[in-house]
Amino acid sequence: MIKNYLKIAWRNIMKHKVFSFINVIGLTIGLSASFIIGLMVYYDYTFDNFHKDGDRIYRVVTDFKYPKGEFYNSGVTLALKGAIEEDDNFDVISEFYVERPLKVENRAANLNFKLPKFVMYADKDFFKIFDYKFIAGDSKSTLENPNEVILTEERAAKYFPNTATSEILGKTLIYNDSINAKVTGIVQNFNGRTDIVFQEFISHPTLLQTRLRGNIIGKNWNNTNSNSQLFVKLNENADKSVINSNLKQIADEHKTKEDIKYGEERVFKLQPLNDIHFNDNYGLYNWSGGRASKSLLNNLILVAIFLLVLGCINFINLNTAQAAQRAKEIGIRKTLGSSRKQLIGQFLGETFILVLISATLSLLLSKWLINVFSDFVPAGLSFELFKIPTIVGGVVLLLVIVTFLSGFYPAMVLSKFNTISVLKNHLAVGDKKVRLRKFLTVFQFTIAQVFIIATLLVGKQINFLLNKDMGFKKDAIVSVYKPLEERSLEKIELYAQKLLSIPDIKEVSLGGPPPASQSSNTTDMRRMVDKQEVYGEIQLLAGDTKFLNLFEIELLAGRVQRNDTVRELVINEAARKYFKFTSPEDAIGKTLLYEKENLQIVGVMNDFHQRSLRSKIKPMTLRGDWYRPRWSYFQAAHISLKSDSSENLKSSLAKIDVVYKEVYPGTDMRLEFLDETIAKFYKREQKVSKLLNWATGLSILISFLGLFGLVIYTTNRRVKEIGVRKVLGASILQINTILCKEFVILVGIAFVIAAPIAWYGIHDWLQNFAFKTNISFWTFLVSGFAMIIFALIVISIKTIQAASVNPINSLRSE
Amino acid sequence: MIQIKELEKYYKTEEVQTIALNKLSFEVKEGEFVAIMGPSGCGKSTLLNILGLLDDPDGGSFKFNGEEVAGYNERKRAQLRKHNVGFVFQSFNLIDELTVFENVELPLIYTGVKPAERKKRVEEVLEKMQIMHRRNHFPQQLSGGQQQRVAVARAVVNNPKLILADEPTGNLDSVNGNEVMDLLIDLNEAGTTIIMVTHSEHDAKYSHRIIRMLDGQKVTENILV
């Protein structure tokens, strides 16, 4: 029987090639999207799921709550560990400090490694929390003493090439020229996906030999550094609410007078291990690894569901439309003794075959799609995941679901036909079925239209973001950073000096990051106004006397600072208003209190956007390089070029690089283009836009293929009517109008439904931005008209052909 | 074999109720060949559908092999039908997507016959119908007469006790029509009961008995043998 079903299914697929093609395309797109997105979901949700007792492992993090908002820190104060040590809710408490050494040496082999990544100072309990497998050494007796280090297999092989593991034990590494550490253990790298990416574990007591000695001994409650990490493993019977209330009590006990005065609160929180991969607030240890975003994953899942549903809708529509053609077969089968159940089984089987064909195509496509969507797909995700039993099971389940979703309704409709009526050719197409088809078509086009409108508006907003005047010059500006390990100020001053001799360069200014950047430095300042203290955060921008001029930031009153080291402020308009100066001129000569020092305001500059347009313009001040020679904020030389044409740029950069190599021989130049930095602010938006473009294109494709299929069916069904009308004198245009009308009305209805949904969605999305484009009426009109015109073209391809047929042929064939 | 007594069937639309069978009664004995005649709309096809267990009467009694089947649900009717009744239609009603062999094989699949046995029986019946050489052709590739022979082959492959033929020669020319009638006679002589609805006096003469109907009622009954 199954063989018979398969045979007839295959022959039906081949007989109705166009419909089968439309069905397969729709389902293939939906399934491909589901496969890839499914893999991504699986990939991201299986991070760190392999640790023993992983559900009891937590990181302790710190949230700071200010009246003006919250600030999150993945670290805790060094003092916290001592305060919770006695709490028996914890099985293990382990602290570590993340610090990237400037240099590591294996002097015996004369090997030198600069800035190794993923190095931590771990206490002896770290390996009780994380179950590393020791290849050499012992987890119990290690890291207790200073000057010990444990390496992963990978790192050991890098530092001690061609050396047997057993021989590496006992060897010495030298960190930052001064700290010796003996290798006391080698552990296997984790096999599973993990965010615990560390490769090198120096014993915690060794920290006392570093610049952090003071912090370690002092254990200051008011100092929280994100490098100071604390992990705990809870007791099996631990009560989280008790832990949280204990942590709250500890935080309350250590509130300062100022915390109380300004309503500031610190909250120590337990962050589950599996939350690290997703939580935006605390970040990952591997910054370049890419944090997963639950909201992005959710949006992707939504896109996959929509595409899959669109494909299923085509299937339902085309199969119920075609039902009449299969009615005879159903009648005969029923007469010969087939039960309804058997018929439903047969049709579901046919559906399954189409789904299987689509799935096979999807699997082939997936390999390619993983590359196309590399922006979304995590770097470690590969096609190989399809070999995992869970994934195979998921795929099978998905195929069964899709089979039921698309096949069940047509199967019910087909198997329900009255035997006698179909054999007598008295088949009436129920109103209900036609109505359902219309409803599903409207649904499809609604989704497609929402995507179109959203794409247009998101594109418009991105355009707005990238082109809005930031309030400073951003084109033809390059920022060149001095090498990370380089401390000397003289060298960068020399570099700036030398740059000026290049004729392509208009101006050079030394400073910290450019006016808009990812990093910021913030402090508190205060001022007495009418015996009331105005107190608030202000961003610090470090730059020399030419900084404002180079970035073309307008000075509204006063002047820039006299020289690079004088302690004077040039505040922006936002700061001027915040600290209640009546006008820019009013601020000049007044002071702001910073720690215990009154700093004079010598200038007021115009506002500019320091960050992406998502955030508002905040109070800010320009200041010089106050801590020389102990520490210099001037990390970068900002270079304004005379021209930014690509040819000039290339030769200018080459010259800039030559000078860099003269000043810092043997070091690669680190540079950033300001316009690229700004574009990077909107990476997320660009991703959303790319995703929307794809979703729109695919949903349009599926919907129009479905529409095309329905048009083919309808015109075939009405071939006699067309013939009669033509005989009676109707023109091709008149006939075309009659045939197009019903479909265009459906597309029109879809537009009416889609417009408010799209408006609401985009309005909501735009709330993320402090500065936003307006939701223009024309985007809706363009989308609606484009859809209707496109629909007309698709419909007309078939209807004009049908209307052009000689009526004698169509009438005779009837 | 068949006993119907005061059989009734109505068709209702929103506004009118049409009586298709009006207290119709007659019997058909095993091995008989009965022709049913009458003008269009007299209820012939409705009767055939009920006799073929495709439809359920609204009133009266219908005994099949002594068993009262009026009021049987679809599932029970299908069970009885697939083991006992074969159909031959005016428009052949072959499945276009299946070959000759596969069309004839279908009733055997639904009655759960094993593949080897199916092959043997289908080949036997195709030989008998002289259509074996067309076994791998699709219905569209056959003439009307050939198609009807396939339909007859399909109707008899399961060795049903009863064959219901609805205008079996209606779509055929006289030569092919006569061939089909000869096939039916052969089957009847081999013991199969046949009830045939027809407009053709010529075909009706092949039967043992002609029942003439008008407005859902039996008008006359002529015994020919």
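Heavy atoms only: backbone and side chains are in, while hydrogens, waters and symmetry mates are out.
More than 12 heavy atoms of other shown residues, nucleotides or ligands fall within 6.0 angstrom of atom NZ in A/Lys15. Heavy atoms from other residues, nucleotides or ligands lying under 6.0 Å from CG of B/Asp173 number more than 12. When the shell of 6.0 Å around OH of B/Tyr11 is examined, it contains more than 12 heavy atoms from other residues, nucleotides or ligands.
Contacts of A/Arg333 with chain B are made by both backbone and side-chain atoms, with heavy-atom separations under 4.5 Å. For a residue to count as touching a neighbouring chain, one of its non-hydrogen atoms must lie under 4.5 Å from one of that chain's; by this rule A/Ser338 touches chain B with backbone and side chain alike. Neither the backbone nor the side chain of B/Phe92 comes within contact range of chain A, judged by heavy atoms closer than 4.5 Å. The contact between B/Arg154 and chain A is made entirely by side chain atoms (from C-beta outward), counting heavy-atom distances below 4.5 Å. Neither the backbone nor the side chain of B/Asn158 has a heavy atom closer than 4.5 Å to any heavy atom of chain A.
Of all non-hydrogen atoms in A/Lys334 and B/Arg81, the two that sit nearest each other are O-NH2, 2.6 Å. The two residues A/Glu329 and B/Ile95 have their closest heavy-atom pair at CG-CD1, 3.6 Å.
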Let me have the donor-acceptor pairs involving side chains of residues 400-414 of chain A, under 3.5 Å, with sequence neighbours excluded, atom names and distances please.
from	atom 1	to	atom 2	distance (Å)
A/Thr403	OG1	A/Leu399	O	2.6
A/Ser406	OG	A/Val402	O	2.5

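Against chain A, the residues from residues 54-66 of chain B that qualify, each with a non-hydrogen atom under 4.5 angstrom away, are B/Leu54, B/Asp55 in number order.
Comparing B/Leu94, B/Thr46, B/Leu53, B/Leu80 by heavy-atom pairs within less than 4.5 Å of chain A, the highest count is held by B/Leu94. Ranking B/Leu106, B/Thr111, B/Asp96 against chain A, the residue ahead of the rest is B/Leu106, based on heavy-atom pairs under 4.5 Å.
From B/Phe87, atom CZ reaches atom CD1 of A/Ile332 across 12.0 Å, with rounding to the nearest 0.5 Å. Going from atom NZ of A/Lys328 over to atom CZ of B/Phe89 covers 10.5 Å, rounded to the nearest 0.5 Å.
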